[in-house]
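Computed from a predicted structure; not experimentally measured. We name chains A, B, ... by the order of the sequence lines, and we start the count at 1 in each one.
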Amino acid sequence: MLPSNADVARVLGELAVLSEIDEGSPQAFRVRAYQNAQRSIEQQTGEVARMSASQLAGLKGIGRSTADKIREYVDTGSIRKLEELRARHPVGKQELLRVPGLGPKTIGLLDELLGVRDLPSLRAALDDGRIAALPGLGEKTADNLRRAIEQLGLSSKQTRVPLHVAKPLAERLVAALERLDAVEQAAYAGSVRRFRETIGDLDVLVASRDPATVTEAFLGLGEIASVIGSGATKTSVLTSEGVQVDLRVVPPESFGAALLYFTGSRAHNIRLRQRALRRGLTLNEYALARLPEDEQEPAAPHVGEDREADGEADPGADGERDATGDTRRDLEVMAQGTEEEVYAALGLPYIAAELREDDGEIEAAEAGTAPQLVERADLRGDLHDHTDWSGDGRASLEDMVAGAVARGHAYLGLTDHAEDLRINGISRDGMLRQRRLVRELEQERGDIRLLHGAELNIGVDGSLDYDAEFLAGFDWLVASVHSHFTRPVGEQTARVLAAIRHPSVTAIGHLHGRMIGKRPGIELDLDRVLDAAVETGTAIEVNSNLRRLDASAEVIREGARRGVTFVISTDAHAVGELDNLRHGVANARRGGLPRDQVANTWPLERFESWVAAVRGA
DNA sequence: GCCGTTTTCGGCCCGACTGTTTTCAGTCG
Ligand SMILES: Nc1nc2c(ncn2[C@H]2C[C@H](O)[C@@H](COP(=O)(O)OP(=O)(O)OP(=O)(O)O)O2)c(=O)[nH]1
Ligand SMILES: [Mg+2]
Ligand SMILES: [Mg+2]
Ligand SMILES: [Zn+2]
């Protein structure tokens, strides 16, 4: 069997790690090159193993040398260069690289001077004092390493935490910081703002004239358990749950540049900074600024010209280094207050935070081909909602409808669980009774269209609840997988295809049935599933539950490309959960989903005629 | 190792914090 893209990416990752150890430098350009190649492979949707060397070399970040290595891996199952590196550096050294505070330089030193090449021998060397005695190291470093080894695998940096844990924590911390007088603005950034599914650490940004006071107050917050490091502008801590939080405090005028920096991704930042340099500018977390002529990139072609500033006339060098936490004062600031201003000064339209992964968003922005992404305010309805009539619904029908109206919805899909669900699905009689109540409520209120629907259970054989005639009586039907999550991909695809092709089914709920961090969900042949969705018009749901985010951003991206119609739904089981729509919106944006491909952005009339068309009426 | 609407060679983002150093290297964001 051909290696998967993930296999190829993993091999490139190991080449990067081993090269870092081999070269003894975190800045080694070969390391960066392998990392970029790895990211490039991870972003491919087609099968990399089927590509020729020249096709591979055409991918960005992959050249002749890496293309040949990938082919060598696909054809022979191994790579000579990788085997050589493995022979020189036992896996123990890769283990050492995962210890926080241990980098390639120190690992090289440990091997050379002490023969320490793995965790157990490092422990021994720490215990008998050999580490503290090494040149450039001391007692404190040894203590820090001991602690780091003890706590290996306990920090979120190593385990990562699901977004549904990280995001509420980030919101609590921001709210707490906003209450401080010294704080002018606070926001979470990093992977939470980009809406990644799992989070290594929280990154929280504050604008303030008084960073010391902010830092002190932050360290005093109840959720904070220990301090990793704390300086004038940057503090890192661990919560009692082991979640790392990085706090950055910047002057208010730099808030936009700092938010841009702290939101990342790292790769996106580097691309922007390279772009700045090509324009004679320099970008950091304080500002986009103009470089002096003699520091601009196309180095002056005079012979003997030297860009090095040390040794003489260092700008502002009157015996002290550039003050930390400030813009270089000798440079003309071009933009710093808002992210929009920085992008504009770089010749780019604003790029949505959810897209900033350097997987084509900068090129799309530059070309002006970035789609109008869906926003919360575009949504006119919610199409997957439960009441206390079924399952674990906790709110009455009346309260759910009132909650939907309060949130400005023009239509609401009531989709209680159908009879096949083990936990309290609704019988035919029950459904008919509920339908009468729904009709009455709609009449009485007159301020919202109520679609009487159900959430059907896709059986292991693709069958659905009730029968075809009964199903034809609903206004709106979501069909979801709630059981048998571990069948082979062929069976799972067949089940879902049967539901998509059913004439009465209007949407497929939480496509994979995954629970982030708990259950991977069913395997599907996405090609066939998405094609069938396009063919039948059946919508794919973007489930807004933070534990699900299903369809995933990756599936959404692929579906968006093929012209699939989506709906963004809360799957609310209580009134408060109707607010979860913002999470579905963020995930849809991460998938690059254009507003017009989301059916519940459409006015009621357009929405209903689309439903009628899907049901072949 | 990659890459080029100036470059096929000579660059490669830029800054904060810690520990160790006497002027900065290493690691991390
Ligand atoms: N310019 C630049 N920015 C960086 C670098 N490393 C990190 N950043 C910025 C961009 C990141 O999104 C932001 C926060 O760093 P993190 O290590 O917390 O990464 P991020 O939050 O993206 O992912 P995470 O889920 O925490 O692993 O800091 C870097 O090497 N250069
Ligand atoms: Mg982070
Ligand atoms: Mg961080
Ligand atoms: Zn549901």
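You'll find that the side chain of A:P104 is closest to B:dT27, out of B:dT27, B:dG29, B:dG15. When distances run from any side-chain atom of A:T66 to the nucleotides B:dG29, B:dG1, B:dA16, the shortest one goes to B:dG1. If you check B:dG29, B:dC14, B:dG1 against the side chain of A:K69, the one that comes closest is B:dG1.
To the nearest whole angstrom, the two C1' atoms, one in B:dT20 and one in B:dG26, are 11 Å apart. Only the C1' atoms considered, B:dT7 is 14 Å distant from B:dC2, to the nearest whole Å. Spacing of C1' atoms, B:dG29 relative to B:dT23, comes out at 24 Å, to the nearest Å. Spacing between B:dG4 and B:dC13 at atom P, rounded to whole Å, works out to 14 Å. Nucleotides B:dG1 and B:dT6, compared at atom P, are 29 Å apart to the nearest Å.
Checked by distance alone, A:R273 brings a side-chain donor or acceptor within 3.5 Å of a matching partner on the base of B:dC14.
Between A:L219 and A:I224, the closest heavy-atom pair is O-CG2, 4.2 Å.
Rounded to a whole Å, the CD1 atom of A:I270 is 13 Å from the C1' atom of B:dG15. The separation between A:I131 atom CD1 and B:dG26 atom C1' is 15 Å, rounded to whole Å. For the pair A:L134 CG and B:dT20 P, the interatomic distance rounds to 11 Å; values are reported in whole Å. Atom CG in A:L97 sits roughly 13 Å away from atom C1' in B:dG26 (whole-Å rounding). The distance between atom CZ of A:R278 and atom C1' of B:dC12, rounded to the nearest whole Å, is 13 Å.
Here A:Y34 lies in heavy-atom contact (under 4.0 Å) with sugar-phosphate atoms only. Across all strands shown, A:L272 has no heavy atoms under 4.0 Å from either base or sugar-phosphate atoms. The residue A:R266 sits close to a base: some heavy atom pair falls under 4.0 Å. Note on A:N36: nothing from the nucleic acid sits closer than 4.0 angstrom, heavy atoms only.
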Polar atoms only, N or O, under 3.5 Å: list the protein pairs with nucleotides 8-10 of chain B and their distances.
none

Below 3.5 Å is the cut-off: list the nitrogen or oxygen pairs between protein and nucleotides 21-23 of chain B, distance only.
none

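A salt bridge links A:D111 and A:K93; the closest N-O separation between the charged side-chain nitrogens and carboxylate oxygens is under 4.0 Å. A salt bridge links A:R64 with A:D68: the distance from a Lys NZ or Arg NE/NH1/NH2 to an Asp or Glu carboxylate oxygen falls below 4.0 Å. A salt bridge links A:D7 with A:R10: at least one charged nitrogen is closer than 4.0 Å to a carboxylate oxygen. Using a 4.0 Å cut-off between charged nitrogen and carboxylate oxygen, A:R39 and A:E42 do not count as a salt-bridge pair. Under a 4.0 Å N-O distance rule, the pair A:R88/A:E83 does not qualify as a salt bridge.
Between A:T282 and B:dC14 there is a side-chain polar atom (N or O) within less than 4.0 angstrom of OP1 or OP2. For A:T233 and B:dG15, the shortest distance from a side-chain N or O to OP1 or OP2 is not below 4.0 Å. A close approach under 4.0 Å does not occur between any side-chain nitrogen or oxygen of A:K105 and OP1 or OP2 of B:dA25. Residue A:N269 has no polar side-chain atom (N or O) positioned under 4.0 Å from OP1 or OP2 of B:dC13.
Across all strands shown, the partner of B:dC17 is B:dG26, judged by Watson-Crick or G-U wobble contacts whose two distances both fall under 3.5 Å.
A glycosidic torsion no more than 90° from 0 defines the syn conformation; B:dT22 lies beyond that range and is anti.
Side chain of A:S254 to main chain of A:A257: no donor-acceptor pair is present (N/O by atom type, distance under 3.5 Å, no hydrogens or angles).
For the pair A:D203 and A:F29, both in contact range of DNA chain B, the more 5′-proximal nearest nucleotide belongs to A:F29.
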Can you give me every donor-acceptor pair (side chain of residues 180-190 of chain A, partner residue at least two apart or in another chain, under 3.5 Å) with its distance?
{"residue": "A:Y188", "atom": "OH", "partner": "A:K167", "partner atom": "NZ", "Å": "3.4"}

